[in-house]
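Read the structure below first, then the notes.
Convention: sequence-line order gives letters A, B, ...; per-chain numbering from 1. Here the structure is a predicted model, which is why all the values come from computation and not from measurement. Side chains are part of it too, since the values below use all heavy atoms of this structure and drop only hydrogens, waters and symmetry mates.
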2 protein chains.
Amino acid sequence: MGRSAVSSGTAGPALVEANDDAMDDYHLQEQVGFVLRKANQRHLAIFAARISDLTPPQFAALAKLHEIGETSQNQLGALIAMDAATVKGVIDRLKARGLVDFGKHEADKRLLMVKLTAEGFAMIERLIPLAEQITQETLAPLTAREIGTLMRLLGKIT
Amino acid sequence: MGRSAVSSGTAGPALVEANDDAMDDYHLQEQVGFVLRKANQRHLAIFAARISDLTPPQFAALAKLHEIGETSQNQLGALIAMDAATVKGVIDRLKARGLVDFGKHEADKRLLMVKLTAEGFAMIERLIPLAEQITQETLAPLTAREIGTLMRLLGKIT
DNA sequence: TTGATATCATTTGCATACGAATGAATTTGA
DNA sequence: TCAAATTCATTCGTATGCAAATGATATCAA
C-alpha cells in the first residue's frame, strides 16, 4: 500500500500517480538490518537444536571464562559484548546452576570476580566441540572462500 | 584458561602439555554467531540514534503494512520473521499508540486483520527516508561491491 | 588532602524473542 | 458429513537487551 495505490470510483481509466516516489521502492527484505536479523535467527535455531543445556549468551560467558580465566563481571561483559545489566542476569543464572562462582577482589572492592566452577569447566569443554559444529552448520551454504569473505565483511561493519 | 594452563610447584622447567588440544583453539570472537550478534548490535545502535519514535520491530511491522496493505496478524508475522507471540506484543503496542487498527475477517473468523491508521501511514512515510539513511550508515565501511557481496552471502545463510 | 569525576555493580522499566499450552474456527479426508 | 488434523490468536514463563537511576568505591587534580 504505497502512495501509488489509488482508488477511483469514477468511470474511465483511473489516474495513477507517476511512481517517482521513493516511498514505494522501500522493501524491508532488502535492508541489511532485516537480513542480519534473519541470519541471526537461523543461527540461534541451529544453536538451540544442538545445545539445549545453555542459551547462546550463557555459552558465550562460559567460553570466555574458559578462554581467559577469572575476571570481573564488567570486564567479562565487555569481552562478550553485553552491557552491565544484561551480563548480570546471565551470570546470576549461571551462578544459580553452579557453573560459575563469585569472589571479591582484595585491592578493588567494587569488582565482582567471576570464575568457572569445576562443573562449569567440564560443561564448556563438553560443549565447545558442539559449538564448532554449530558454526559449521550455520556456514554450510557457503564455500570456504565465501566464509572468509563473509567474516571479513561482517568484521568491517562491527 | 585452557587445558594447557598448567601449574607446577616442582623445581625445574614445568612440563607443558603439547597444545594439540582443540579446546584451546576456540575463540569466541571468531565464531560467526558472535560476529553476527555484534554486527546486529551496531545496526541497532545506529537505528536507535536516528529513529527514537519506534523500535526496529515496530518499524518493520509498519513498513510491511505500508508495503502490502491490510493483512492478518499471523501473516504479518510471517512476513517480518516474528513468531505469533512476538508479533502480538509488537502489534498491541502499535495499536495502543493509534498507529494500527484491527478489524475482523468476515469469511474467516479466526483472522485478526491489521491495517495502518492515517497516523501510522504518515509516521512510516516520514520514517522510511531515515531508515534508508540507517542502512547506508550501517554499510558505510563497505564499498558498493562489498555491500552486494555481503547481502548475497547473508542471503545464502538465511 | 579533599572535592570532583569516574568506575563498578545493582535495580527498575520496557521491549523483544520464543517454546509450550490452550481454545476457537476452519479444513481435510475417510 | 463428521471426526481428525490444522490454523489462528492468545497467554504464560523464561531469557535476553538496553536506557536510566543509584549507591559504593576509586582515582584524579587542584
inquiry  = Does B/Lys115 form a side-chain contact (heavy atoms from CB on, under 4.5 Å) with B/Val100? I'd like the steps, not just the answer.
reply    = CA-CA 5 Å; B/Lys115 61 169 181 284; B/Val100 301; over 6 Å; no
ask   = If you round to the nearest 0.5 Å, how far is CZ of B/Phe121 from CG of B/Leu116?
value = 7.5 Å
ask   = Roughly how far, to the nearest 0.5 Å, is CE of B/Met123 from CD of B/Gln58?
value = 8.5 Å
Just how far, in rounded Å, is [atom2] of [N] from [atom1] of [X]?
{"X": "A/Leu44", "N": "C/dC18", "atom1": "CG", "atom2": "P", "result": "8 Å"}
{"X": "A/Asn74", "N": "D/dA24", "atom1": "CG", "atom2": "P", "result": "18 Å"}
{"X": "A/His105", "N": "C/dA9", "atom1": "NE2", "atom2": "C1'", "result": "15 Å"}
{"X": "B/Phe47", "N": "D/dA19", "atom1": "CZ", "atom2": "C1'", "result": "16 Å"}
{"X": "A/Gln41", "N": "D/dA15", "atom1": "CD", "atom2": "P", "result": "20 Å"}
{"X": "B/Gln58", "N": "C/dA15", "atom1": "CD", "atom2": "P", "result": "7 Å"}
{"X": "B/Lys38", "N": "D/dG17", "atom1": "NZ", "atom2": "C1'", "result": "15 Å"}
{"X": "B/Asp108", "N": "D/dA9", "atom1": "CG", "atom2": "C1'", "result": "11 Å"}

ask   = Which residue, B/Thr55 or A/Gln75, contacts DNA chain C at a nucleotide closer to its 5' end, judged by nearest heavy atom?
value = A/Gln75
Residue closer to the 5' end of DNA chain C, A/Arg37 versus A/Lys88 (nearest nucleotide) = A/Lys88
message = Considering every strand and a 4.0 Å limit on heavy-atom distances, what is the contact class for B/Ala107: base, sugar-phosphate, or nothing?
response = sugar-phosphate
query = When all nucleic acid strands are considered with a 4.0 Å heavy-atom cut-off, which category describes A/Thr86: base, sugar-phosphate, or nothing?
reply = base
task = Choose from C/dC18, D/dT10, D/dT16 the nucleotide whose nearest atom is closest to any side-chain atom of B/Leu112.
result =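 The closest nucleotide is D/dT10.
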inquiry  = When you measure only distances, ignoring hydrogens and angles, does the side chain of A/Arg110 come within 3.5 Å of the base of C/dT7 through a donor and an acceptor?
reply    = yes
ask   = Around A/Gln136, counting heavy atoms of other residues, nucleotides and ligands shown, do more than 12 lie under 6.0 Å from its CD?
value = no
